[in-house]
Q: 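Dropping a structure here in structure tokens format, bear with me for questions.
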Amino acid sequence: MNRRKFLTLMGSAGLASTAIGTLPEAEAASVGGKFSTYPDSFSVLHDTTRCIGCRRCEMGCQKVNDLPLPKQPLDDLGVLDKKRRTSADAWTVVNKYKVGGKDVFRKTQCNHCLDPACAAACFVRAFQKDPSGAVTYDKDLCVGCRYCMIACPFNIPGFQYYEPWHPYVRKCTLCLPRLKEGKLPGCVQACPMDALTFGKRADILKLAKKRIEARPDVYQHHVYGEFEAGGTNWLYISGAPFSQVGLDEHIINRPYAELTAGALGAVPMVIGIWPVLLGGAYMISKRRESVAKEEIHEAEEKARAGAEETAGKKLAEIEAANLKKLAKVEADAAKKLAAAEAAAAAAATPAQDTEGAGKGEGEDA
Amino acid sequence: MSEHQHAPVQFRWVTPGNILTAIILGVGFVLTFIRFTQGIGAVTNLDDNFPWGMWISFDLLCGVCLAAGGYFTSSACYLFGMKRFHSAVRPAILTAFLGYFFVVVALLYDLGHPYRLPYPLFWSPGTTSVLYEVGLCVACYVTVLFVEFSPAAMEWLNDQPIPILNKFLKKIPWKSIRKVVVSWTLPMTILGVCLSTMHQSSLGALFLIAPGKLHPLWYSPFIPVFFFVSSMVAGASMVIFEGMFAHAALHHKMDATHLREADDVVLSFGKAASWILLGLFMIRVMDVAMDNKWAYLATSYGTLFLVEILGGIALPALIYAFGARTKSVKVMRVGSVIAVLGIVFNRFNVCLVAFHWQMPSAERYFPSVWEICISIFVVTLIVTLYRFITWNMPILSEHPDYKEAH
């Protein structure tokens, strides 16, 4: 054990016991809500320039967490030829990357986001951000929906697919039980190359930047995890570009919880306004119906009134016609009478007179 | 297809359809046993990169979407005053209820701890999760659909059809309960639309948290809107789609009103779907334009996207429009098949094909034959129950005792 590791161990022993459990409730990060960075939380810095791919960290992890040993023995470095990811039974893995013809090794495990996507996604609050920095998992709450695995931007959680009765989602715990005992995480403890450094996040961040400043020609000028996904408790510095050692550089620099907050925020709006709009649609359709009924009624009334009017007019016309006819008949009768009288009178007079009277009668008709 | 005569059609047990059903159900029960005794991994190809597979993309995403006919039809009839669609409401509500109920059943296969399904509702609600909203809304909506469906069941139960339970059934005042439940129709319909709006869109919103994993052509801040709008298309299309099968198999169960209104329902819903599809096409294209994602169209995922947009949205929109113009029920039915396939294609793309799009193809997920069998098993359960219920309860016809009583 070298001096620095010893110091961090001593420091963490004291710090861990005081820091854990003493942080007031109000400072606890609320996922998707008030965001706290937990300045006193713990971090681990992974310096890929120091990593030699010995996989001691993996062994340490399997040992302290009682994980089953993989089929290929842990000291079989041939494993490194295949790209691996974390799983339910391997909470940390080291991968080998070829960068500019040289082998570069990088360890991967849960990055313990400051505002974790898995916690935002979990619908039973099985994932919590602990003030120590660890993202914890409560196996007694987990329903096994695996939405956390969809959400995790780093593809970390693994699921026990072959466990019929109690399959759990499993991932690195930052060795929280060990931190509580004042011990270092299993992987940090096991690293022989000092590629992993444990401490408070603020200090670790400073250390990382100091290393970059000291050798700017060697390192990428960025601490991966400072801002990624809103910041993580696990930090990386690397000589190779991060994307070439399997660290996604397109990760957005905001907490992933924010991505769904907008959609969730729309819920009260829907509950509030939809019933009004739909009730409005109902009332509009009801009113249409009643207006239609009224219109039918009005049309009927109008039709009836119109019919009555035309009937009255017709009646009047008929009456007028009748009167006219009557008048005519009377006039005719009077004329005929007059004619008859005239004829009777003309019986004694010459025939020409009778013809003239007949002509006049024809014209009149 | 039998003619619409009054000659009663006798139920027969041994038919090709029933034999096929029996085989599927048999295989399904065996697989169910294996799943619950050997673990999820024993029957699926799921892995840590693809934790959601066939059961989530088909049974959950497609299942919920294709059960949208319930809210679509009931809101058209009761809220928007299209009373001529009344005979279409009961079959649509029944399908929706069965659809949602079996979404929950299928979910039990996929969950690690199925018996903990009520946890998010009653024990430890994770209110920051979109999945919590989906769960809450689906739980509420299954209840609403049950209430909306129950009058048909009560009309049936009032006739005391179950010999052993007759004494018990007689004691329950079915008619009075039914009357109360029917009086809730309007608030239930409004509640149903609210809940559907929220969870249909939230199923899309589930993927908002995975911007790096879902291909940019599908990932959009508007994905909840796309999911909701396409659920309306699915609702209208499924009414036409199911009607096609119902007319073929259950014609004799339909009363005069149902038969008289059926063609109008098909033509009107097809026309509505045509317009909604047009709107969906517009917003999908605008989304590509807004984020300037045109360059992706030249890739293989772009081809997939174009097939989805042109074949799954534009094509059915045009077929429906043609059907509306020619007033052809047949064309509308063709349109409904294409529209439903288009929506299923979209859900598969979002959940599986365009998910983890940067992953090499060797590491990609493809469903195992057993996963597909379970999905077929669940669909068969729905169809079998649909057949049983429409055969016995007044779904495609009105019960003579309750005519004009709604």
Q: Top residue by heavy-atom pair count (under 4.5 Å) with chain A, among B:Ile56, B:Thr127, B:Val130?
A: B:Val130

Q: Please flag which part of A:Lys139 lies under 4.5 Å from any non-hydrogen atom of chain B: side chain, backbone, both or neither.
A: backbone

Q: Could you pull out the closest heavy-atom pair between A:Arg85 and B:Asn49, with the gap in Å?
A: NH1-OD1, 2.6 Å

Q: For each of A:Ala126, A:Gly280, A:Cys152, tally heavy-atom pairs with chain B at distances under 4.5 Å, and name the one with the top tally.
A: A:Cys152

Q: Nearest heavy-atom pair of A:Val143 and B:Tyr119: which atoms, and what distance?
A: CG2-CB, 4.2 Å

Q: Give, for atom NE2 of B:His113 and atom CH2 of A:Trp165, the distance between the pair rounded to the nearest 0.5 Å.
A: 11.0 Å

Q: What pair of heavy atoms forms the shortest contact from A:Tyr161 to B:Leu46, and how long is it?
A: CE2-CB, 3.6 Å

Q: For chain B, which candidate among A:Glu163, A:Arg288, A:Glu289, A:His166 shows the most heavy-atom pairs at distances under 4.5 Å?
A: A:His166

Q: Are the side chains of A:Tyr256 and B:Pro211 in contact, using a 4.5 Å heavy-atom criterion?
A: yes

Q: Which residues in residues 216-226 of chain B have a heavy atom less than 4.5 Å from any heavy atom of chain A?
A: B:Tyr219

Q: Between B:Leu131 and A:Cys145, what is the shortest heavy-atom contact and its length?
A: CD2-SG, 3.5 Å

Q: Taking the side chain as C-beta and beyond, is there a heavy-atom pair between B:Lys213 and A:Pro153 under 4.5 Å?
A: no

Q: Taking every non-hydrogen pair under 4.5 Å, which of B:Gly81, B:Ala42, B:Ala205, B:Cys194 racks up the most with chain A?
A: B:Cys194

Q: Are A:Leu141 and B:Trp123 packed together at the side-chain level, in the sense that at least one heavy-atom pair is separated by less than 4.5 angstrom?
A: yes

Q: Can you confirm whether A:Ile150 sits close enough to B:Pro51 that some side-chain heavy atom of one is under 4.5 Å from a side-chain heavy atom of the other?
A: yes

Q: Can you tell if the side chain of A:Arg146 reaches within under 4.5 Å of the side chain of B:Ile40, non-hydrogen atoms only?
A: yes

Q: Taking side chain as C-beta onward, heavy atoms only, is B:Arg116 less than 4.5 Å from A:Val124?
A: no

Q: Taking the inter-plane angle between the rings of B:Trp52 and A:Tyr147 on a 0 to 90° scale, is it parallel (under 30°), tilted (30 to 60°) or perpendicular (over 60°)?
A: parallel

Q: Using side-chain heavy atoms (C-beta onward) and a distance below 4.5 Å, is B:Pro120 in contact with A:Arg125?
A: no

Q: Looking at A:Pro275, A:Cys142, A:Gly158, A:Ala263, which has the largest count of heavy-atom pairs under 4.5 Å with chain B?
A: A:Cys142

